[in-house]
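Written out below as structure tokens is the structure these notes cover.
Letters go in sequence order (proteins before strands), and every chain restarts at 1.
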Amino acid sequence: MKITLKDGSVKEYQSPMSVQEIAYDISEGLGRATCAGIVDGETVDLRTVIEKDCNLSIATVADKEGLNTLRHTTSHILAQAVKRIFPEAKLAIGPSIENGFYYDIDREPFSREDLDKLEAEMKKIIKEALKIERFELPRDEAVKLMEEMNEPYKVELIHDLPEDAIISFYKQGEFTDLCAGPHLVSTKGVKAFKLISSSMAYWRGDSDKAKLQRIYGTAFNKKEELEAYLAHLEDIKKRDHNKLGREMELFTTVDVIGQGLPLMLPKGTRMINKLQRWIEDLEDNEWGYVRTKTPLLSKNDLFKISGHWDHYKDGMFVLGDEETDREVFALRPMTCPFQYYVYKNTQKSYRDLPYRMGETSTLFRNEDSGEMHGLTRVRQFTISEGHNVIRPDQVESELANCLNLAIFVLETLGLREDVTFRLSKWDPDNKEKYLGDDAYWENAQGALRKILLEKELVFTEADGEAAFYGPKIDIQARNVYGKEDTMITIQLDCAIAERFDMYYIDQSGAKVRPYIIHRTSLGCYERTLAWLIEKYAGKFPTWLCPEQVRVLPISDKYADYAEKVRAELARNGVDANVDSRSEKIGFKIRDARLNRLPYMLVVGEKEEADGTVSVRSRFAGDEGSKSLAEFTEQICREIRTKEIRKENPQEEGK
RNA sequence: GCUUAUAUAGCGCAGCUGGUAGCGCAACUCAUUCGUAAUGAGUAGGUCGCCGGUUCGAGUCCGGCUAUGAGCUCCA
């Protein structure tokens with residue numbers, strides 16, 4: 001039989017050679033002891049291909065696929081180790097995932113000691129260099145085999161496979177597992193792996209079904225790669241906003257106050273205020289917004305009109321009981337209907353549109369108790385919310401306006417490269433969750449898609465992620481652990497005006513229903529702060545820093561001059577403090593560095609005599625001696641332009 | 001909401017099989033007045049998350065609650 005590889009080389013094999021051996025040979029030829037190959041874009045086990053057709057052209061094994069195969073095999077080795085040490089355990093599924101693999105197992109919880117034992121056993125299995133062999137069985141025999149092995153989850157999986165599915169198994173030593181593959185050809189191919197953690201997972205992700213234990217692990221081709229990955233995990237933890245933000249005294253939580261209700265501390269508040277003032281001035285002065293301030297709660301009547309009472313009541317904090325109380329109130333989960341009444345306060349002409357209303361808006365959402373996390377998922381948050389009331393002919397220009405503002409904000413914060421765009425659509429299979437019909441959704445989604453295409457943005461489309469009243473453009477960011485959150489949203493709503501009887505007078509004097517864009521320019525301040533902490537590892541651009549300059553007098557003798565410097569900077573709107581402790585200069589510098597101060601000004605005899613400051617920064621290290629006026633002008637310009645100066649790696653913490 | 005782990009001084013931690021608590025940093029006081037990543041000495045600080053139980057005796061064992069972390073999407 002002849003096998004053509006992608007590089008054009010042809011391999012020929014004599015027929016007595018087993019499929020296993022041929023696959024092994026090809027795999028080694030491709031630089032890795034794997035049996036995975038890509039044929040017509042599909043990842044397959046080379047052994048299956050060889051059996052079917054001897055003259056196939058086999059693409060080279062892509063690195064990513066090779067890694068998936070390696071990890072999938074490692075998960076099987078884990079399962080084998082589990083069965084050896086804990087024979088009573090029942091196996092569920094064990095796929096490879098983005099950064100490793102897992103295996104779901106029905107057993108009591110695993111301790112770290114159990115994981116260590118399993119790791120040791122896995123190493124033994126690898127050393128045994130067990131050949132991994134593939135075989136197929138008809139359905140009834142497959143079920144019988146799994147029943148004999150007392151694996152009820154596997155039996156269920158087989159029953160759920162489609163009629164025409166090939167039911168394949170992989171055998172390594174005494175261990176056999178139901179699996180589609182592909183796999184390495186021998187357990188010895190696993191060189192570097194680690195069991196990371198274990199936790200609970202539901203069978204088939206369904207909370208009504210059995211509770212299984214999931215063991216997470218990872219595997220790499222080389223030991224160095226594994227070590228680099230584990231070091232990366234450690235590094236990531238240092239950037240985690242939930243840890244760093246508390247360490248830097250930006251926010252905290254208190255158990256008697258409750259879950260999802262973080263307290264912004266003075267430094268965190270300072271940062272949020274800087275962001276908020278910037279956004280408010282930007283929107284009002286440059287992007288044509290008017291500002292509103294509307295109540296944080298309302299009678300539930302309002303939410304009945306808006307549809308929230310029917311569609312979002314579980315997510316709201318309701319005050320009072322409809323059965324017994326004359327009036328029931330609810331804390332607002334959004335600002336929309338309040339701003340509609342701002343619009344309705346005076347009659348609007350077609351000339352008044354677009355009518356853009358912005359509000360720094362505090363919202364309340366009753367998230368499930370297990371969903372809260374740091375500053376990214378909270379029960380009370382403040383958002384740069386806004387509603388643009390527009391004429392139907394203004395849909396495109398106004399969507400573009402909102403998107404441009406959002407992108408400008410992201411660019412200014414240095415976050416533009418870190419986001420992905422998503423068109424969030426309704427779920428056509430779950431229509432009762434949404435207002436409006438097919439035509440309404442197709443139109444609205446089409447309008448959003450058009451603007452994304454016109455702006456040449458790369459975006460994904462997601463079913464079932466829309467708001468109940470309309471589709472959205474979501475701007476997504478990932479946290480340090482790779483989890484995605486919505487940062488900015490732009491939503492088109494062509495239906496709500498009817499419910500609130502909003503209209504404008506057109507050229508002919510007729511009343512016309514406007515459309516509404518729900519949008520944020522920066523999104524939620526808490527979540528943005530979390531994102532900034534992780535992006536900059538706490539070393540924020542100067543304009544955002546809660547403390548921008550620290551003046552460090554060499555000794556008490558220069559305290560008066562230090563205070564003079566501080567006062568001059570403060571007069572110019574710079575956040576500056578003096579470190580007047582009677583410590584050595586080295587101590588003060590160390591402390592300021594650990595606090596991630598952008599600028600330190602050392603002042604002593606020489607500086608006082610010359611009216612200068614000795615500048616040391618996070619960006620350039622020693623910037624030399626400058627007159628106070630010169631430094632003030634420099635930092636004021638940096639703050640005004642929101643410059644993001646490049647960090648100097650040599651100034652990294654020791 | 002579910003599973004699981006954790007909760008000891010402001011922070012980071014120790015406290016073995018039950019005998020009422022320690023370390024480092026920070027804070028405070030005193031001395032030092034110093035030129036670019038830690039000056040020295042001393043002092044003070046804790047109802048061991050909260051409530052209950054077992055026990056002669058609980059930081060330690062048991063139960064409940066609260067909070068925090070991880071996971072609950074990735075289909076053999």
Expressed as a whole number of Å, how far does the C1' atom of B:U20 sit from that of B:G46? 12 Å

Can the ring centres of A:Phe175 and A:Tyr170 be said to be less than 6.0 Å apart? no

Can you tell me how far P in B:A67 sits from the matching atom in B:C61, rounded to whole Å? 23 Å

Could you give the distance from CZ (A:Phe193) to CG (A:Leu78), rounded to the nearest 0.5 Å? 8.5 Å

Which value, in whole Å, describes the distance between the P atoms of nucleotides B:C25 and B:U68? 31 Å

For residues A:Thr542 and A:Glu638, is any side-chain donor paired with an opposing acceptor at under 3.5 Å? yes

Quote, to the nearest angstrom, the P distance that separates B:G24 from B:A41. 12 Å

When rounded to the nearest Å, what value does the distance between P atoms of B:U6 and B:U60 take? 14 Å

Do the side-chain N or O atoms of A:Arg214 get closer than 4.0 angstrom to the phosphate oxygens (OP1, OP2) of B:U3? no

Taking the minimum atom-to-atom distance to the side chain of A:Leu157, which one of B:A38, B:G69, B:C75 wins? B:C75

So that I can tick it off, tell me whether A:Lys483 and A:Glu534 are bridged by a salt bridge, with the cut-off set at under 4.0 angstrom between side-chain N and carboxylate O. no

With rounding to whole Å, what would you report as the distance between B:C48 and B:G18 at their C1' atoms? 15 Å

What integer distance in Å separates A:Asn595:CG from B:U36:P? 20 Å

Where each pair must be Watson-Crick or G-U wobble with both distances under 3.5 Å, what dot-bracket representation of RNA chain B is obtained, with crossing pairs in [ ] and other-strand partners as |? (((((((..((((.....[..)))).(((((.......))))).....(((((..]....))))))))))))....

For A:Glu607, answer base if it contacts any base atom (sugar-phosphate contacts may also be present), sugar-phosphate if it contacts only those atoms, and nothing otherwise; contact means non-hydrogen atoms under 4.0 Å. base

What is the nucleic acid contact for A:Lys154, judged by heavy atoms within less than 4.0 Å: base, sugar-phosphate only, or nothing? sugar-phosphate

Between A:Glu371 and A:Val602, name the one whose nearest nucleotide on RNA chain B is closer to the 5' end. A:Glu371

If I take atom CG in residue A:Leu597 and atom C1' in nucleotide B:A37, what distance separates them, rounded to the nearest angstrom? 13 Å

Provide the distance between the two P atoms, one in B:C2 and one in B:A21, to the nearest whole Å. 37 Å

What is the distance, to the nearest angstrom, from the CG atom on A:Asp622 to the C1' atom on B:G35? 11 Å

Heavy atoms only: give me the nearest A:Arg239-A:Lys535 pair and the separation to one decimal. NH2-O, 2.9 Å

Strictly under 4.0 angstrom, non-hydrogen atoms only: write out the protein contact profile of nucleotides 24-34 of chain B, one letter per nucleotide from the 5' end, B, S or -. ---S----BBB

Rounded to the Å, how far apart are A:Glu247 CD and B:G69 P? 14 Å

Whole angstrom value for the distance that separates C1' of B:G69 from NZ of A:Lys483: 11 Å

Is the phosphate of B:A70 approached by A:His373 (side-chain N or O, under 4.0 Å from OP1 or OP2)? yes

In whole Å, what separates the C1' atom of B:U47 from that of B:A9? 14 Å

Does NZ or CZ of A:Arg566 lie under 6.0 Å from the centre of the six-membered ring of A:Tyr561, at an angle within 45° of the ring axis? no

Measure the distance from CZ on A:Arg246 to P on B:G10 and round it to the nearest whole Å. 16 Å

Whichever of A:Gly370 and A:Lys606 has its nearest RNA chain B nucleotide further upstream toward 5': A:Gly370

Check whether any side-chain nitrogen or oxygen of A:Gln259 sits under 4.0 Å from OP1 or OP2 of B:U66, and answer yes or no. no

Using a strict threshold of under 4.0 Å (side-chain N to carboxylate O), is an ion pair present between A:Glu174 and A:Arg84? yes

Under the 6.0 Å and 45° cation-pi test, does A:Arg214 pair with A:Tyr102? yes

Remember a base hit wins even if backbone is also touched, and classify A:Tyr216 as base, sugar-phosphate or nothing at under 4.0 Å, heavy atoms. sugar-phosphate

For A:Gly374, report the nucleic acid contact type (base, sugar-phosphate, nothing); a contact means any heavy atom under 4.0 Å. sugar-phosphate

Taken to the nearest whole Å, OH/A:Tyr102 to C1'/B:C72 is 10 Å

Without decimals, in angstroms, what is the distance between A:Asp368 CG and B:U3 C1'? 15 Å

Inspect the contact between A:Arg590 and A:Glu583 and indicate whether a charged nitrogen and a carboxylate oxygen are less than 4.0 angstrom apart. no

Identify whether any heavy atom of A:Gly586 sits under 4.0 Å from a base atom; if not, whether one sits that close to sugar-phosphate; answer base, sugar-phosphate or nothing. sugar-phosphate

Locate the shortest heavy-atom distance separating A:Thr269 from A:Met264; write the atom from each residue and the value. OG1-O, 3.2 Å

Going by an N to O cut-off under 4.0 Å, is there a salt bridge joining A:Lys144 and A:Glu147? no

